[in-house]
Amino acid sequence: MASTESPNYVQKTTPKSGESLFYTCSLPKAALIFEDSSFPAPQVTDDWVADYCEAYAECNEEERELWNDLCCSIPPSHSLNPMIETGCKEYIDSHPPTSELSPTLQELINAVKIARCNSFTSRNIHPVTSRVNHSCTPNALYLPTPTGCSLRTLKPVQAGEEITISYLGIYLFASNGLRNSILLSEKFFTCQCPRCSSIPNENSVPCEKCHPRISGGLPEDVEFEDAPVNYTVAICPKCNDVLSPAATSLRQKLEEKSTAALRSEENDMDVIREIHEVCSQVLGAKHYSTALTGLTIVDSMCLEFNRVMILGQAPEELELAECVDTLTRIFQFAEGVIEGGGGMMCYSQCLTVARGLGCLGDEKSVAFGKVWAEKAWKFLEGFGEEGEKKVCLKLMEGKVEHMELLEGKGDRETSEKPSKKMRKK
Ligand SMILES: C[S@@+](CC[C@H](N)C(=O)[O-])C[C@H]1O[C@@H](n2cnc3c(N)ncnc32)[C@H](O)[C@@H]1O
């Protein structure tokens, strides 16, 4: 049963999800569960098969044993397999064996398949963390460190609970359908967690009958969530109206379009802005398509604000106001999906907005900036890097000094567009 033990976790085999880690004691929020090492990190290039071959070839015997012991859930019929085999053959052809330690073709194929199922940020493999299963309501957070990674609790946990993290990056906030299509295509399993078997609300839309559209769109107060709204995917809980086939088809098309735009490498901001506008008019602010397209827009605005602030200037006031508006809705959406999710999803954007408002310099903006810093602090207090925390604390005191602020700029997880994040756990 247990093969690895420490004060905080124990490894057990479970019928539904194989090897799994469980808490052995109760822990408060943000407690360190364990620190883990990394196997040599492969280079991060598009040629990931060759990268993993290189990383495996560089491992010592003990590391290879740990690597080979990890699970491989790619089904034999999966379309990735021929590609992995070809890549490994190419690697062997360009790196002919030089000693007994040189890996064989079969060894490399196996190692790359395992890596595909177990790799973390920067494509590292961590021997203990690779035993942690995914949940769409995770209770732990994976944090990369210079030598490996650490796991911390996202909320208070009890002894006997399973340790779970999210493999989904920003798509943790997507619908049941999208989350599972990503997990299936990229991690080769269908999630068995409680959120996946409950009725989702993040892809629900305002009921057509309770909230009639005005010439195709929602009234502004519904679009922007000021009014109380009844949500439905199929049947409205209040008026029992059934979502019409036309509305269902429109919802699906918009979801598909927004997902394609978000996951496209091109990251065309004009297209994303257009889709975001339609999503917010038709699906409302509580739909994940509206929230994720909104986050991409906010991200690109924050990037620009940071550029301006590096030069010691304040961001353009109107643009900052637009960014604050969108970020407010995104934060509310994320909190509605997962408790504490606002900070997880967009703490670095909250920090940029706080800094931008502070830079405007007038009393009202500085005070508003403090409020945004406090939002970021709720997450950073437990999980932030020292530099980020220092900056955040200063902003909470209303202090804004351009150069000092730059020291702690740490756009970790959420500064990337969602498509890139998905390659991480
Ligand atoms: C990184 S490994 C986690 C440890 C793994 N259970 C093991 O036996 O070593 C990822 C694999 O665990 C399984 N898994 C993780 N989370 C799961 C979940 N929520 N539901 C079902 N299977 C899951 C899947 O087979 C997945 O490919």
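When a ligand or atom number is given, it counts from 1 through the structure's own listing order. Throughout, numbering of the chain's residues begins at 1 and tracks the sequence. Keep in mind the model is a prediction, meaning the values are calculated, not measured. For the numbers below, each heavy atom of this structure counts, side chains included, while hydrogens, waters and symmetry mates do not.
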**Q** Below 4.0 angstrom from a heavy atom of His134, which ligand 1 atoms are there? Numbered from 1 as shown, please.
**A**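 It comes down to these atoms of ligand 1: 15 (C), 16 (N), 18 (C), 19 (N).
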**Q** Any atoms of ligand 1 less than 4.0 Å from a non-hydrogen atom of Cys71? List them with their elements.
**A**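 By the 4.0 Å cutoff, the relevant atoms are 2 (S), 5 (C), 7 (C), 8 (O), 9 (O), 11 (C).
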**Q** Any carboxylate oxygen within less than 4.0 angstrom of a Lys/Arg side-chain nitrogen, looking at Asp36 and Arg131?
**A**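 A salt bridge is absent here (no side-chain N lies under 4.0 Å from a carboxylate O).
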**Q** Tell me the nearest of Thr164, Val132, Thr190, Asn133 to atom 15 (C) of ligand 1, using heavy-atom distances.
**A**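 Selected option, by shortest heavy-atom distance: Asn133.
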**Q** With nothing but distance in play, are any N or O atoms of Lys16 less than 3.5 Å from an N or O of ligand 1?
**A**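 In this structure, Lys16 places no N or O atom under 3.5 Å from an N or O of ligand 1.
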**Q** Counting from 1, what ligand 1 atoms have a heavy atom of Cys117 closer than 4.0 Å?
**A**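 The atoms of ligand 1 under 4.0 Å from a heavy atom of Cys117 are 1 (C).
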**Q** Does ligand 1 have an atom under 4.0 Å from some heavy atom of Ser135?
**A**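 No, Ser135 has no heavy atom closer than 4.0 Å to ligand 1.
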**Q** Short list, please: which atoms of ligand 1 are under 4.0 Å from a heavy atom of Cys191?
**A**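 In order of number, 19 (N), 20 (N).
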**Q** Would you be so kind as to tabulate the donor-acceptor pairs closer than 3.5 Å made by side chains of residues 245-257, with sequence neighbours excluded?
**A**
from	atom 1	to	atom 2	distance (Å)
Thr248	OG1	Ser244	O	3.0
Arg251	NH1	Glu255	OE2	3.0
Glu255	OE1	Tyr288	OH	3.4
Glu255	OE2	His287	NE2	2.9

**Q** So which bit of Phe188 gets within less than 4.0 Å of ligand 1, heavy atoms only: side chain, backbone, both or neither?
**A**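 Contact part for Phe188 vs ligand 1: neither.
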**Q** List in chain and number order the residues that pass side-chain hydrogen bond (donor to acceptor under 3.5 Å, both in side chains) with Ser181, two or more places apart in sequence or in another chain; answer none if no residue qualifies.
**A**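 None.
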**Q** Could you list which atoms of ligand 1 come closer than 4.0 Å to a heavy atom of Asn118?
**A**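 The list of qualifying atoms is 1 (C), 2 (S).
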**Q** Give the atom numbers and elements of ligand 1 that come within less than 4.0 Å of a heavy atom of Lys187.
**A**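 Reading through ligand 1 atom by atom, the close ones are 27 (O).
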**Q** Return the orientation label for the Phe368 and Trp372 ring planes: parallel under 30°, perpendicular over 60°, tilted otherwise.
**A**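 Ring orientation, 0 to 90° scale: perpendicular.
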**Q** At less than 4.0 angstrom from any non-hydrogen atom of Glu19, what atoms of ligand 1 do you find?
**A**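 In order of numbering, the contacting atoms are 4 (C), 5 (C), 6 (N), 7 (C), 8 (O), 9 (O).
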**Q** Under 6.0 Å between ring centres, would you say that holds for Phe34 and Tyr9?
**A**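 They qualify: ring centres under 6.0 Å apart.
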**Q** Please give me the minimum heavy-atom distance between Arg263 and Ile182, naming the atom from each residue.
**A**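 Scanning both residues completely, I find the closest heavy atoms to be NH1-CG1, 3.7 Å.
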**Q** Relative to each other, are the rings of Phe379 and Tyr347 parallel, tilted or perpendicular (30° and 60° limits)?
**A**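 Geometry flag for Tyr347 against Phe379: parallel rings.
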**Q** Do the rings of Phe189 and Tyr167 sit parallel, tilted or perpendicular, given the 30° and 60° boundaries?
**A**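 Ring orientation, 0 to 90° scale: perpendicular.
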